[in-house]
Amino acid sequence: MTDNRQSTTLNSNERNQYHRHLILDQIGMEGQLKLKQAKVLVIGAGGLGCPVLQYLTAAGVGTIGIIDGDKVDQSNLQRQILYTTDDVGQFKAASAVDRLSKLNPFVKFEVFNIFLTTENAVGLFNQFDIIVDGTDNFPTRYLVNDACVLANKPLVFGSIFKFQGQVSVFNYKGSGTYRCLFPTPPAPNSVPNCSDVGVLGVLPGIIGSLQANETIKLIVSIGTPLVDKLLYFDALSLQQQLLHFQKNKDIKITTLESNYEFFCGVSNTNDMNTISAEAYLKNKENYHLLDVRTYHEYEDENIGGQHIPLDELDKRMGEIPNSKVLVVMCLSGKRSAAAIELLLKNKYPKTLLNLTGGITAINSIS
């Protein structure tokens, strides 16, 4: 992508489109032209990415990049409000642009139907002015942070968990970074993602809107950005806390990690023995099934088998029989992979199989 900035004028249709900005003293024509000339990359077109993209598009950010290799799933529609049932199975980034281009025809979109990697991150970031992180996992968050430092780009950060959210601005004019707050990732599987524990559907709309607000402030140079501060928001109480932190000058980022999954202790399920939902159902009498989801999940829906939640497994391994091959399952296969690692560490004597796709895969063929 070449750095051909948008025009330095607004035509009559653009003036009508942005009229409410133009009459704001703090934005006006000068600020709107800054928005038009800006290039913002949004990583992830999911729960956070959807409101970020909608408001940046509506505001008139001239060039918006969207990188997401995922496709729309029906379970996304509870919170990812850019999509409809017609988009299920389509790439999120491409589907998002179909909607966004109808909201504002004056915005240029760059679509990347791929996942962010150590190979493409820095080169991609160099093509934009500001990076907005809408991801939902620790390996990608650390990758985004480090690549922003190397590319010298400000990072607008957001995260959500059940009913809580966080927002901050990192690496802005030499400010602190994500690693200043979290030098090392949390213990593996200590913080489950939204697909495992759920999330209030409206929460990413709130946090994503705050991210869009911070992005616009950086572009137009208005207000006080959340630099060296972390905003914590609780949707149940509507309480907010503003936590201050200092830049850790001892943290030096000079290169990307070779493997962010390894750095964050994420299980590599490709190295595990697996069994498909079809194969399990066809010969389930040959296996002992262990379900490691929560009590609520199991009570809401289960296919039988022994139930021991993952957070209790370490103390209850003696309850698991070893007369058959053990198949471990959860919602999607992530927690079951962690359970298998724990069982292997404690020298479980029988063969262990991870049920690929978990109960979600079972439901897709039942």
Side-chain angles (χ1 to χ4, degrees), residues 115 117-118 135-143 146 159 161-162 178-179 182-198 256-281 283-299 301-362:
F115 291 107
T117 67
T118 54
T135 61
D136 63 355
N137 63 85
F138 289 103
T140 308
R141 287 174 188 164
Y142 280 96
L143 167 59
D146 296 355
S159 70
F161 180 76
K162 298 175 74 171
Y178 183 73
R179 284 186 185 256
F182 309 105
T184 57
N189 307 302
S190 63
V191 184
N193 59 30
C194 294
S195 64
D196 290 329
V197 299
L256 297 180
E257 302 280 347
S258 59
N259 187 322
Y260 280 88
E261 285 74 19
F262 179 80
F263 171 71
C264 293
V266 175
S267 303
N268 185 358
T269 56
N270 293 327
D271 293 337
M272 291 182 175
N273 292 324
T274 60
I275 184 170
S276 67
E278 294 87 349
Y280 169 74
L281 292 174
N283 299 290
K284 60 182 181 180
E285 66 277 359
N286 295 330
Y287 306 106
H288 180 77
L289 179 67
L290 175 65
D291 190 328
V292 297
R293 295 176 300 150
T294 65
Y295 285 106
H296 175 76
E297 288 175 289
Y298 189 81
E299 291 171 2
E301 177 185 29
N302 69 79
I303 58 170
Q306 184 178 13
H307 177 230
I308 302 178
L310 178 59
D311 59 3
E312 298 180 11
L313 184 59
D314 193 30
K315 297 179 180 179
R316 297 178 57 186
M317 288 186 186
E319 300 175 23
I320 305 172
N322 54 28
S323 57
K324 294 181 179 181
V325 170
L326 183 65
V327 173
V328 188
M329 68 161 286
C330 62
L331 177 67
S332 62
K334 294 180 180 179
R335 281 174 288 173
S336 52
I340 288 176
E341 284 194 347
L342 189 59
L343 289 163
L344 287 171
K345 182 180 178 180
N346 286 272
K347 297 180 171 52
Y348 182 78
K350 279 288 186 178
T351 299
L352 294 160
L353 299 177
N354 189 18
L355 184 64
T356 304
I359 200 168
T360 302
I362 295 287

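Values below: every heavy atom of this structure, side chains too, minus hydrogens, waters and symmetry copies. The model shown is predicted, which means the values in this text are computed figures rather than measured ones.
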#### Entry: Heavy-atom side-chain proximity of Ile303 to Leu289 below 4.5 angstrom
yes
### Message
Run the side-chain contact (heavy atoms from CB on, under 4.5 Å) test on His288 and Val327 for me, step by step, so that the C-alpha distance in whole Å, both residues' side-chain angles and the decisive distance to 0.1 Å come before the verdict.
### Response
CA-CA 6 Å; His288 180 77; Val327 173; over 6 Å; no
### Side-chain (Glu299) to main-chain (His296) donor-acceptor, under 3.5 angstrom
no
### Query
Are Glu257 and Arg179 close enough for a salt bridge, meaning some N to O gap below 4.0 Å?
yes
## Note on the structure
Rounded to the nearest 0.5 Å, the SG atom of Cys330 sits from the CD1 atom of Ile359 at a distance of 10.0 Å
### Query
Can you tell if the side chain of Phe263 reaches within under 4.5 Å of the side chain of Pro139, non-hydrogen atoms only?
no
### Message
Assess the residue pair Val328 and Leu353 against the criterion (side-chain contact (heavy atoms from CB on, under 4.5 Å)); give the C-alpha distance rounded to whole Å, side-chain angles, the decisive distance to 0.1 Å, and a yes or no.
### Response
CA-CA 6 Å; Val328 188; Leu353 299 177; over 6 Å; no
### Basic-acidic side-chain contact under 4.0 Å: Arg141, Asp136
no
### Residue pairs fulfilling salt bridge (Lys or Arg N to Asp or Glu O under 4.0 Å) with at least one residue in residues 343-353, sequence neighbours excluded
none
### Query
Can you find a pair of side-chain heavy atoms, one from Tyr260 and one from Thr140, that are under 4.5 Å apart?
no
### Side-chain (Asp291) to main-chain (Asn302) donor-acceptor, under 3.5 angstrom
no
### Query
Among all residues two or more places apart in sequence or in another chain, which pass the salt bridge (charged side-chain N to carboxylate O under 4.0 Å, His left out) test with Glu301?
none
### Spacing of Thr294 atom OG1 and Asp311 atom CG [to the nearest 0.5 Å]
9.0 Å
### Task
Please round to the nearest 0.5 Å and tell me the distance separating atom CG of Leu343 and atom CG of Asn322.
11.5 Å
### Message
Determine whether a donor-acceptor pair (N or O, by modelled atom type, separation under 3.5 Å) exists between the side chain of Asn283 and the backbone of Asn286.
### Response
no
### Task
Any pair with a residue in residues 328-347 that passes ring pair (Phe, Tyr, Trp, His ring centres under 6.0 Å), sequence neighbours left out, goes on the list, sorted by first then second residue, please.
none
### Message
If you define the side chain from C-beta out and look only at heavy atoms, does anything of Met329 sit under 4.5 Å from Val292?
### Response
no
#### Entry: Validation row: Leu326, Thr351 side chains within 4.5 angstrom (heavy atoms)
no
### Task
Apply side chain to side chain donor-acceptor pair (under 3.5 Å) to the pair Asp146 and Tyr178, showing each step before the final yes or no.
CA-CA 9 Å; Asp146 296 355; Tyr178 183 73; over 6 Å; no
### Query
With no hydrogens and no angle check, do the side chains of Asn354 and Thr274 hold a donor and an acceptor under 3.5 Å apart?
no
### Summary
Output for pair (Leu143 CG, Asn259 CG), nearest 0.5 Å, gives 11.0 Å
### Task
Mind checking ring pair (Phe, Tyr, Trp, His ring centres under 6.0 Å) for Phe115 and listing every partner two or more places apart, or none if nothing turns up?
none
### Message
Please report the interatomic distance CZ(Phe138) to OG1(Thr184), rounded to the nearest 0.5 Å.
### Response
10.5 Å
#### Entry: Any residue meeting ring pair (Phe, Tyr, Trp, His ring centres under 6.0 Å) with Tyr298, in chain and number order, not counting sequence neighbours
His307
### Query
Does the side chain of Leu352 reach to within under 4.5 Å of the side chain of Asn273, using non-hydrogen atoms?
no
### Query
Which pairs with one or both residues in residues 316-332 pass salt bridge (Lys or Arg N to Asp or Glu O under 4.0 Å), sequence neighbours excluded?
Glu312-Arg316, Arg316-Glu319
#### Entry: Side-chain heavy atoms of Ile340 within contact of Tyr348, under 4.5 Å
no
